[in-house]
Amino acid sequence: MVAALRLGVRAHCVGLRRESIASFALLERSRSVTGFDSSVELVGRRWVVERGKRSGLRVRCEGRAVAVTERKVETTKQRADENVSDEQLTVVMKFGGSSVASADRMKEVANLILNFPEERPVVVLSAMGKTTNNLLMAGEKAVSCGVSNVAEIAELSIIRELHNSTVDELGIDRSTIAALLDELEQLLKGIAMMKEMTLRTRDYLVSFGECMSTRIFAAYLNKIGIKARQYDAFDIGFITTDDFTNADILEATYPAVAKRLHEDWINDPAIPIVTGFLGKGWKSCAVTTLGRGGSDLTATTIGKALGLQEIQVWKDVDGVLTCDPKICPQAEPVPHLTFEEAAELAYFGAQVLHPQSMRPAREGDIPVRVKNSYNPKAPGTVITKTRDMRKAVLTSIVLKSNITMLDIVSTRMLGQFGFLAKVFSIFEDLGISVDCVATSEVSISLTLDPSKIWSRELIQQASELDHLVEELEKIAVVHLLQQRSIISLIGNVQRSSLILEKAFSVLRSNGVNVQMISQGASKVNISLVVHDSEAKQCVRALHSAFFENGNKLPYEN
Ligand SMILES: Nc1ncnc2c1ncn2[C@@H]1O[C@H](COP(=O)(O)OP(=O)(O)O)[C@@H](O)[C@H]1O
Ligand SMILES: N[C@@H](CC(=O)OP(=O)(O)O)C(=O)O
């Protein structure tokens, strides 16, 4: 089993002699497989690695010869001679902006890593505190302030001051980030000169946050005697689509990232400190970002790539809570969630997790633990493939505000199939995503989300919406309803009657009329659409009824 731990993927080792240990990495149908032993069962198949008399390493999978694209064979003795670690990276620890907001916070995070000496973590960091927002604001101001005024932009001074004071307090050299700060000012001058900021430039601009935080933290760890190595994600194989500001990770990322981190670790062990949120567009080769909060996705991608034991995301709250604590201060941590519940919760607006971040963890079946870097003793939330749902009713309440809703009623009595297909092809043509849908034979109500994901901000532009309505009006009567909110009840939809009975009784006693209701096919989410003005009050009332004052849910029978 030792070997199984050392393998980057779930593997069982068979009949090994210690002296025969070899290390190999090979590509099979673009999937990278990394192993160490002469015979392993990997992803359900038997791999045999042999040393040929003349040709060096030979690999057979289930009896068939496999081409080895990378070779590296070391006997145990050689590895010991070279002082190379046999111990593999075990977990990924992601720390968000709030966890690394200052020098003191960085010291806390370093202590936290030291407090888990049995872990050999890959560390993923976000930008310090509100740096991403400040970078964006500085960029917006640069568009119109004129080149000579760039140095005076308040947000640039805040960024400079925060990063310089942090390196000073940590006792590391300002040169660690000096070149980046200079380059940042040059970039803002470029934006001022062009008087515009494209999405591509915007991604490049915000990348400075993560590039600086990781350099500072790696330098600090090295200073206190913990060997660390900084990595820019866009340089180690995070290959993405070219959708600037909201790029998707491409499959090629997994083998590339695994190979780079694994080989560096084998050759010269040092804690990898990786920039969250960033990637490299596969066509443009420019820096891309994964959408706001995208460092969570960086962490789960690394977890899957290396087949680690656990993915930890460290936040400023005691885990995933029953509601956003900014709306309901009484919100309580949820001990267990499934990947499905967590994904739904994130997609429907809980800022605590990036909407796409559960996908790699689910695919790799790697548990995700959400922890509080301000309160490490709290158990946090564990997210796994399954959990005991027998007694579960409601898990969490999520609010997404400022939603646009459309009521679309067919002008002709088309069959449902044709009508729905036409409506959705219009959305597809215009590249607009839909959140919740409720349909009847000839009508459809749906919601659009203009706020969460940057590229969707387009929808906020009146002309974009006008165009959508114009197209839909060719086949239907359309009512546009703005300033709506989606309240999502995440839980066990097998108990939807119980949830709805309680929810509607609360809403009725608060005098609220629900404008649309939709139950996702995922069986973990019921969404209610209400007017923005009454949404927070509704959420508080629902939270109180389901979770507070000794109410028995979420484990009611
Ligand atoms: N259901 C929820 N559970 C926990 N936090 C939530 C929830 N919904 C919203 N949040 C908000 O998410 C914040 C943590 O996410 P985020 O700010 O992205 O963390 P970080 O920057 O540390 O990664 C919390 O401070 C909290 O206000
Ligand atoms: N810094 C980026 C990426 C990120 O993941 O941040 P955080 O982990 O602090 O949410 C952002 O603010 O969106």
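Numbering of residues begins at 1 and proceeds along the displayed sequence. Every number for a ligand or one of its atoms is a count from 1 in the order of the listing.
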Name all residues meeting the ring-ring contact (aromatic ring centres under 6.0 Å, His included) criterion together with Y204; count only those two or more places apart in sequence or in a different chain, and write none if there are none.
->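 Here the qualifying residues are F208.
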Show me which atoms of ligand 2 lie under 4.0 Å from any heavy atom of [X].
X	result
R292	11 (C), 12 (O), 13 (O)
G293	3 (C), 4 (C), 5 (O), 10 (O), 11 (C), 13 (O)
G97	7 (P), 8 (O), 9 (O)
F277	2 (C), 3 (C)

Under 3.5 Å: N/O of S98 near N/O of ligand 2 =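 Checking ligand 2 against S98, no N or O pair falls under 3.5 Å apart.
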Is the shortest N/O to N/O distance between D296 and ligand 2 below 3.5 Å?
->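 Min N/O separation from ligand 2 is not below 3.5 Å for D296.
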Are any of the side-chain nitrogens in R105 or D316 under 4.0 Å away from the carboxylate oxygens of its partner?
->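 Judged by the 4.0 Å cut-off on N to carboxylate O distance, R105 and D316 do not form a salt bridge.
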Carboxylate-amine/guanidinium proximity below 4.0 Å for K107 and E169 |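 No salt bridge links K107 with E169.
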Could you verify whether a donor N or O on one side chain and an acceptor N or O on the other, from [X] and [Y], lie under 3.5 Å apart?
X	Y	answer
R215	T275	no
T322	H543	yes
T298	T301	no

Which donor-acceptor pairs under 3.5 Å do the side chains of residues 324-334 make with protein atoms, sequence neighbours left out?
unit_1	atom_1	unit_2	atom_2	d
D324	OD1	K326	N	2.9

For residues 157-166, which residue pairs qualify under salt bridge (charged side-chain N to carboxylate O under 4.0 Å, His left out), counting only residues two or more places apart or in two chains?
->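 Residue pairs with at least one partner in residues 157-166: R160-E185.
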Within 45° of the axis and under 6.0 Å from the centre of the six-membered ring of F339, does NZ or CZ of K385 qualify?
->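 Geometry flag: not set, cation outside 6.0 Å or 45°.
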Has K280 got its NZ or CZ under 6.0 Å from the middle of the six-membered ring of F238, at an angle within 45 degrees of the ring axis?
->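 No - K280 does not lie over the ring of F238 by the 6.0 Å and 45° rule.
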Put together the list of close N/O pairs, under 3.5 Å, between ligand 1 and the protein, could you?
unit_1	atom_1	unit_2	atom_2	d
ligand 1	1 (N)	L321	O	3.2
ligand 1	3 (N)	L321	N	2.8
ligand 1	17 (O)	Q351	NE2	3.0
ligand 1	22 (O)	S98	OG	2.8
ligand 1	23 (O)	K94	NZ	2.9
ligand 1	23 (O)	K315	NZ	3.0
ligand 1	25 (O)	D316	OD1	2.9
ligand 1	25 (O)	D316	OD2	3.4
ligand 1	27 (O)	D324	OD1	3.1
ligand 1	27 (O)	K326	NZ	2.8

Whether [X] lies under 4.0 Å from ligand 2, heavy atom:
X	result
E210	yes
G294	yes
K94	yes

Part of S295 within contact of ligand 2 (heavy atoms, under 4.0 Å) |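 Both backbone and side chain.
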Test side chain to side chain contact (heavy atoms under 4.5 Å, CB included) applied to M128 and E210, M106, M212, the passing residue |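 Result for side chain to side chain contact (heavy atoms under 4.5 Å, CB included) with M128: M106.
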